There are 2 protein chains.
Amino acid sequence: MTVQSAAPKPGPTTGVPSVEDARRLAQMFQLFADATRARILYALLGSDELCVNDIAAALDVAETSVSHALRLLRIAGVVKNRREGRLVYYSLDDGHIRMLLSTSIDHLAHLSRG
Amino acid sequence: MTVQSAAPKPGPTTGVPSVEDARRLAQMFQLFADATRARILYALLGSDELCVNDIAAALDVAETSVSHALRLLRIAGVVKNRREGRLVYYSLDDGHIRMLLSTSIDHLAHLSRG
DNA sequence: ACAATATATGAACAGGTAATCATACGTAGA
DNA sequence: TCTACGTATGATTACCTGTTCATATATTGT
């Protein structure tokens, strides 16, 4: 197969990320690519701090499932937690996350409108 | 198991998205949650229009694989295409996508710095 | 019409992953 | 210490998804 190219070089027009960076990017997006985790994140976007049971109750999802989900988000640095007695409060970790979530909502709205 | 709640009601503090919305959100993020697709998107973020073979060559990925990936992105409205002879040019579909990608890069940088 | 090129798509197989179950851990109160 | 509660985690299972191979479609040139 001969290749008919339109762009002579892979040109770093803005700087194409390395395979490694792309992998990390994808891993990060993967965290949002699950309905349960997405719902958790949006719940946290609303009330800025929630304990595990509150989340489980609000979403009507098993506590175990929520806990597993929060673990992944925590390890990735997307959420942080704080213990107070028996309760553990979770919240979004930084502003980029909030912006990502907001932008994604905008995009969905954009698609809905046509 | 008795639930000790910190927030009396599932309160729509900013408006918790429905299960359906969360599902759509997750599906959208899922598109970015693959290294190949992520690399394609970042390549398109750089040069604003590329044909399939250019992408395959630039990323060193089989053309078939790129084609499958682009199909999903196209159906989801993330990229659009334009035929010119035998070549099909792909580009990002709207500004939200660009902002999402940019924000995600910012977040990664944020994590890297500490 | 035929051949070559560029892209698309269906099927199958391999690897990953979220939900569930069982259980462990940490904390508070009696 | 014992019990109850809130949370965390390992293992299993069932499902989903990306890659590959084979093949189809579209376009151009002879």
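Values in this document were obtained by computation on a predicted structure and should not be read as measured data. Chain letters run A, B, ... following the sequence lines, proteins first and then strands; every chain starts at 1.
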Enter the distance from [X]:[atom1] to [Y]:[atom2] here, rounded to the nearest 0.5 Å.
X       : Y       : atom1 : atom2 : answer
A:Leu72 : A:Ile40 : CG    : CD1   : 9.5 Å
B:Asn81 : B:Leu87 : CG    : CG    : 12.5 Å
B:Leu59 : B:Arg37 : CG    : CZ    : 13.5 Å
B:Lys80 : B:Leu70 : NZ    : CG    : 14.5 Å
B:Ile55 : B:Ser65 : CD1   : OG    : 11.5 Å
A:Leu25 : B:Tyr42 : CG    : OH    : 3.5 Å

In whole Å, I'd like the distance from the [atom1] atom of [X] to the [atom2] atom of [N].
X       : N      : atom1 : atom2 : answer
B:Glu63 : D:dT19 : CD    : P     : 13 Å
B:Ile40 : C:dA8  : CD1   : P     : 11 Å
B:Arg23 : C:dA18 : CZ    : P     : 15 Å
B:Leu59 : D:dT19 : CG    : P     : 11 Å

Exercise for the section: Please tell me if the side chains of A:Val88 and A:Arg74 come closer than 4.5 Å, counting only heavy atoms from C-beta onward. Expected result: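 Contact flag for A:Val88/A:Arg74 side chains = no.
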Handout entry: B:Leu100 and B:His96, any side-chain heavy atoms less than 4.5 Å apart
Key =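 B:His96 does not reach B:Leu100 side chain to side chain.
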Handout entry: Interface residues of residues 69-76 of chain B with DNA chain C (non-hydrogen, below 4.0 angstrom)
Key =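 Per residue number, the list reads B:Arg71, B:Arg74.
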Handout entry: Qualifying residues under side-chain contact (heavy atoms from CB on, under 4.5 Å), relative to B:Leu92, sequence neighbours excluded
Key =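 Testing B:Leu92 for side-chain contact (heavy atoms from CB on, under 4.5 Å), a comparison that skips the adjacent residues, returns B:Leu41, B:Leu44, B:Leu45, B:Val79, B:Ile97, B:Arg98, B:Leu101.
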Problem - Partners meeting side-chain hydrogen bond (donor to acceptor under 3.5 Å, both in side chains) with A:Glu49 (sequence neighbours left out) - result: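 A:Glu49 satisfies side-chain hydrogen bond (donor to acceptor under 3.5 Å, both in side chains) with A:Arg82 once adjacent residues are dropped.
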Handout entry: Sequence-distant partners of A:Phe32, ring-ring contact (aromatic ring centres under 6.0 Å, His included), two or more places apart
Key =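 Once residues adjacent in sequence are excluded, the partners of A:Phe32 under the ring-ring contact (aromatic ring centres under 6.0 Å, His included) criterion are B:Phe29.
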Using a cutoff of under 3.5 Å, can you pull out all pairs of nitrogen or oxygen atoms linking the protein to nucleotides 15-17 of chain D, with atom names and distances?
none

Exercise for the section: Can you check each nucleotide of nucleotides 20-30 of chain D against protein heavy atoms at under 4.0 Å and return B for base, S for sugar-phosphate only, - for none, in 5' to 3' order? Expected result: BBB---SBB--
Problem - B:Tyr90 side-chain N/O to C:dA8 phosphate OP1/OP2 under 4.0 Å - result: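 True: B:Tyr90 side-chain N/O within range (under 4.0 Å) of C:dA8 OP1/OP2.
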Practice task
Please check the phosphate of D:dT19 (OP1 and OP2 only) for any side-chain N or O of B:Thr36 closer than 4.0 Å.
Solution key: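 Answer is yes, contact under 4.0 Å.
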